[in-house]
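Let me begin by presenting the structure, written as structure tokens, before commenting on it.
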Amino acid sequence: MNLLNRIVRTGLCLTGLTVAFGGCTKLDDENYTQLISSQFNPTSQDLVALVGPAYGTWRTLMMGGSGVFRSNEISSDQTVIPARPNGWVDGGVYKRIHEHKWTAQESTSNDNWGVAYQGITNCNRIIYQIESGQIPVTQGKENILAEIRVLRASYYFVLLDAFGNVPIVTKFDVPEGFLPEQSTRQQVYDFVIKEITESLPLLTDAVDKTTYGRFNNKWAAYHLLAKTYLNAQVYTGQPQWEKCLAACEAIIASGKFQLEANQRDLFKTTNESSKEIIFAIPFDEIYATGFTLVMETLQPANQKTYNVESACWGGTCAIPQFIDTYDPEDTRLKENWIQGQQYTASGEVLLGSFRAFNGKPLTYINAVPSIDSSEEIHGYRLGKYEFKQGIRVNMSNDVPLYRYTDVLMMKAEVLLRTGQAAEAATIVTQVRQRSFKTNPAKATVTGDDLQKGSLYKYGLRRNGQVVSSETGSDIQFGRFLDELGWEFAQEGRRRQDLIRFGVYTKKSWFSHSPNGDNRNVFPIPQNELNKNPKLKQNPGY
Amino acid sequence: MGANEPWGTFPSVSVGWRLNRESFLKGATFIDDLKLRAGYGVTGTAPDDLFLGVARLGYSGYFLVNGSWVPSLTPISNPNPYLRWEEKHETNIGLDFSFYSGRVSGTIDLYNRQTNGLLYDYPVPSPPNLFGTTRANVGSMQNRGLEVLLNLVPVQTRSFVWNSSVNFSTNSNKLLSLTNDLYTLTNDYFNAGYTGDPIQTYTHRIKVGQPIGNFYGFKVVDVTDDGKWIYQNNEGQLVPYDKFTHSDEDKMILGNGLPKYYAGWNNNLRYKNLDLAVTMRGAFGYQILNFQRMYYENPGITQYNQLKSAQDNVYGKVRLNKNVPLEYNSYYIENGDFWKIDNITLGYNLQLPKGSRLVKNMRVYVSTLNSFQFSGYKGIDPEVNRLGLTPGNDDRDKYPSVRTYTFGLNLNF
């Protein structure tokens with residue numbers, strides 16, 4: 001090399017180009033806008049900044065345009081995105097999701113794969129950096145590793161629920177060209193359980209600012225554990241009611257959580273101090289954007305109701321058959337669904353702006369003609385989360401993914417399913433009380449009630465006409481499913497509940513007819529199959 | 001780029017042979033110059049962005065810690081330490097000629113170009129990768145073609161000069177491979193281009209053994225009596241809309257966005273003080289995906305703009321059914337062949353009085369740009385973007401090309 005160098009150098013000297021050559025040897029460049037990982041020596045103070053991205057992924061995963069929220073909601077029997085005068089056909093994607101005709105190319109189900117694995121790979125990266133000493137952690141190393149393992153398990157839980165058979169990758173420093181092997185749904189389930197149970201002893205008992213929105217505390221971990229056990233029968237064929245109960249009892253026994261007196265307080269713009277929240281995904285209109293429900297559900301005219309930053313472009317609304325199941329005195333019907341005549345912030349009647357309702361009062365009615373066409377007045381809108389005055393496109397309400405009511409209702413479900421209906425009814429009654437303040441007698445349910453079927457009048461509907469009739473009364477514990485529906489509507493979980501109660505692929509609603517039991521899991525994204533030949537598509541896709 | 005091997009070697013060599021200086025052409029006095037040349041060279045293209053070879057961190061998003069928002073450090077890309085220069089190996093043979101004191105001159109070039117280590121955001125599996133694509137040198141591509149340039153001076157007298165120049169080129173390309181030691185796809189293709197909302201699908205497929213620029217989608221051949229598409233599937237069978245599954249397997253090559261031939265003809269004429277310049281060009285043998293028609297030629301969509309042609313009969317039979325949603329299919333792929341008379345400039349040099357001191361020179365002219373266009377293409381302008389992997393997409397929201405008229409006066413003081 002030296003000799004060659006000298007020859008080249010001499011040659012260039014002769015042609016008088018030494019200056020140019022001198023310039024060429026200094027090719028080292030400085031990077032001013034980014035950090036080169038290998039040149040960055042983090043201290044334990046940087047730990048928070050490095051852990052951040054592993055959590056931030058939950059925002060996109062939950063509330064992204066194709067996130068868990070949308071794929072669980074609009075494929076189920078409570079909400080729908082019909083074609084609107086202002087759009088929402090989008091190549092038929094929402095219709096395909098509603099009718100269970102999605103393909104392996106569908107972004108609404110596909111995106112969750114990529115986003116969840118982004119969270120997982122970030123967790124793997126941070127674990128690797130801590131274990132290898134790249135990030136020096138002087139104290140609490142085991143605790144932070146335990147936290148990240150539970151966080152990673154929370155992402156795997158999403159994959160377990162949505163896709164079933166997914167690869168388990170726990171290492172960051174994989175060999176070049178490494179292609180992960182697919183695991184069975186049982187293996188993924190076992191992995192999630194193992195990760196949480198092994199980490200639990202290292203997590204804190206505290207519930208305060210340092211644990212908010214994080215998995216560094218026992219209670220968020222127990223909640224995830226309970227949720228996994230609750231659905232164990234779906235995932236593995238083997239129920240785990242007792243284990244689910246034990247995890248719920250651990251949270252209840254801590255005495256650290258309580259129900260909000262009013263359900264709507266849990267969904268306020270500033271809800272981070274709620275005693276009901278066990279794990280929330282923090283959102284902020286400036287710092288942590290991506291929660292845009294106000295835009296997705298309200299019609300443009302509603303901009304004047306809340307003085308929204310810009311005109312809403314909404315379409316998502318309630319399926320009328322679901323609204324019909326509410327007791328009229330259930331305050332959740334009024335509080336969670338935007339309905340009736342709409343007004344400006346100063347109380348003037350709002351007018352519509354499209355087609356037949358242009359210039360006519362904008363009044364949301366509980367009717368939607370069909371998935372293929374609707375006017376702006378059709379369908380109650382999603383109003384569970386508070387829309388504050390002067391709300392921006394991005395909302396500041398935190399999304400309470402795990403909340404204490406859910407713990408109580410998981411416990412109630414286990415009791416109900418294990419022959420203790422009366423005890424279950426006591427809990428359900430307790431949960432209902434805050435929603436029947438005007439008529440407290442109606443809050444009470446009995447064990448017999450809960451063992452009845454669902455009040456939901458299933459079957460196809462078109463232009464307000466009954467196309468086909470199906471009863472909900474044959475759904476085992478259907479009434480309990482109704483209770484879940486009323487309490488947890490608009491929280492991005494209906495699909496999971498419907499699957500556990502055997503409804504998701506069996507009943508018809510609105511424009512949706514059953515399209516095969518394989519629809520209980522989403523297809524593995526086609527582009528991932530293309531990239532990793534070790535992956536096999538889920539059956540029926 | 002922070003990679004293991006940031007260096008590239010780019011040698012080139014060429015030889016020329018002045019045929020007109022050989023003894024066997026001594027007698028041919030009409031030849032001014034005749035040179036046969038051959039060359040081989042390697043040129044390199046570095047990755048656009050720096051530091052792709054190493055793991056990079058950037059501030060992205062905030063994370064709530066103890067009640068306050070802290071910026072978080074996130075990896076920006078999958079690092080690829082094997083990243084290197086993309087290399088273009090080109091062999092060409094050419095002929096430069098000039099006859100009759102420059103009245104006829106030109107060049108002819110034949111080339112064979114092979115690009116190795118094509119830089120591309122290659123799809124990689126996630127997991128284990130953080131991102132679904134990595135910038136990598138994967139694949140090689142071949143380009144072969146012919147370029148001819150001919151300059152003529154058909155008339156050259158004291159008062160009248162006509163300079164004319166004709167050019168012609170043709171190119172064929174083929175993707176040779178899409179793998180290297182580290183990267184392999186299950187399929188020997190990937191998809192590129194995007195229709196945008198609400199159609200939401202890709203427009204092109206890049207496949208080994210095939211040229212770049214293939215449109216890939218559903219092929220329609222007819223309509224039913226109620227105005228719904230009739231498709232041709234991959235077995236050549238006709239399938240009506242309601243029976244068609246619209247799956248990825250039903251898609252096929254619908255055309256190619258890269259012209260097979262380009263041609264141009266430029267003329268400069270001068271008669272005494274009057275001068276006229278005309279430039280013309282054309283491209284032939286290619287297709288365009290007309291996004292405007294794909295989006296606005298649907299009678300059922302009333303909330304957006306609609307082209308007048310949305311009310312026309314499809315295939316001369318019936319109007320498209322209002323319930324057929326927007327779709328990317330071969331009905332919106334058209335031949336793009338065109339011939340354009342682009343610039344016409346007519347100028348006159350005014351004779352100034354001999355004694356004029358202030359103004360030395362004065363010329364008036366009228367000029368038009370984008371003057372005439374001969375094409376069967378239904379969109380505004382068939383000269384669409386042909387760069388990259390998705391040539392021939394005539395975007396919906398582009399600024400329309402304009403015709404310009406200029407009247408000018410040149411003064412030299």
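The structure presented is a predicted model; accordingly, all values stated were derived computationally and were not measured. Naming: A, B, ... by sequence-line order, numbering from 1 per chain.
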For this session: Sort A/Leu529 into side chain, backbone, both or neither according to what part of it lies under 4.5 angstrom from a heavy atom of chain B.
Result: backbone
For this session: Measure distances from B/Pro127 to the heavy atoms of chain A and classify the residue's part below 4.5 Å as side chain, backbone, both or neither.
Result: both
For this session: Test A/Gln105 against B/Tyr202 for side-chain contact (heavy atoms from CB on, under 4.5 Å), laying out the working first.
Result: CA-CA 11 Å; A/Gln105 274 94 26; B/Tyr202 59 89; over 6 Å; no
Exercise. Where on A/Val166 is there a heavy atom nearer than 4.5 Å to chain B: the side chain, the backbone, both, or neither?
Worked result: neither
Exercise. Yes or no on side-chain contact (heavy atoms from CB on, under 4.5 Å) for A/Thr103 and B/His246, after CA distance, side-chain angles and deciding distance?
Worked result: CA-CA 10 Å; A/Thr103 68; B/His246 290 93; over 6 Å; no
For this session: Any salt bridge (charged side-chain N to carboxylate O under 4.0 Å, His left out) involving residues 47-56 of chain A? Give me the pairs, sequence neighbours left out, ordered by first then second residue.
Result: none
Seminar exercise, completed: Greatest number of non-hydrogen atom pairs under 4.5 angstrom with chain B, of A/Arg125, A/Glu272, A/Gln526, falls to A/Arg125
Seminar exercise, completed: Smallest heavy-atom separation, B/Leu73 atom then A/Pro53 atom, equals O-CG, 3.0 Å
Exercise. In residues 279-287 of chain A, which residues are in contact with chain B at a heavy-atom separation under 4.5 Å?
Worked result: A/Pro282, A/Phe283, A/Asp284, A/Tyr287
For this session: Report the residues that fulfil ring pair (Phe, Tyr, Trp, His ring centres under 6.0 Å) with A/Phe178, sequence neighbours left out, ordered by chain and then residue number.
Result: none
Exercise. Within a strict 4.5 Å, meaning less than it, do heavy atoms of the B/Val65 and A/Arg214 side chains meet?
Worked result: yes
Exercise. Is any side-chain heavy atom of B/Ser126 less than 4.5 Å from a side-chain heavy atom of A/Gln118?
Worked result: no
Exercise. How about A/Asn122 and B/Leu130: do any of their side-chain heavy atoms sit closer than 4.5 Å?
Worked result: yes
Exercise. Taking all non-hydrogen atoms of both residues, which atom of B/Asn129 and which atom of A/Thr121 are closest, and how far apart?
Worked result: O-OG1, 3.9 Å
Seminar exercise, completed: Sorted by chain and residue number, the ring pair (Phe, Tyr, Trp, His ring centres under 6.0 Å) partners of B/Phe291 (sequence neighbours excluded) come out as none
Exercise. With a 4.5 Å limit on heavy-atom distance, are the side chains of A/Asn530 and B/Pro123 in contact?
Worked result: no
Problem set entry | Polar side-chain atom of A/Lys531 near backbone of B/Val124 as donor-acceptor pair, under 3.5 Å | yes
Seminar exercise, completed: What one should report as the nearest heavy-atom pair of B/Tyr62 and A/Arg59 is O-NH1, 2.9 Å
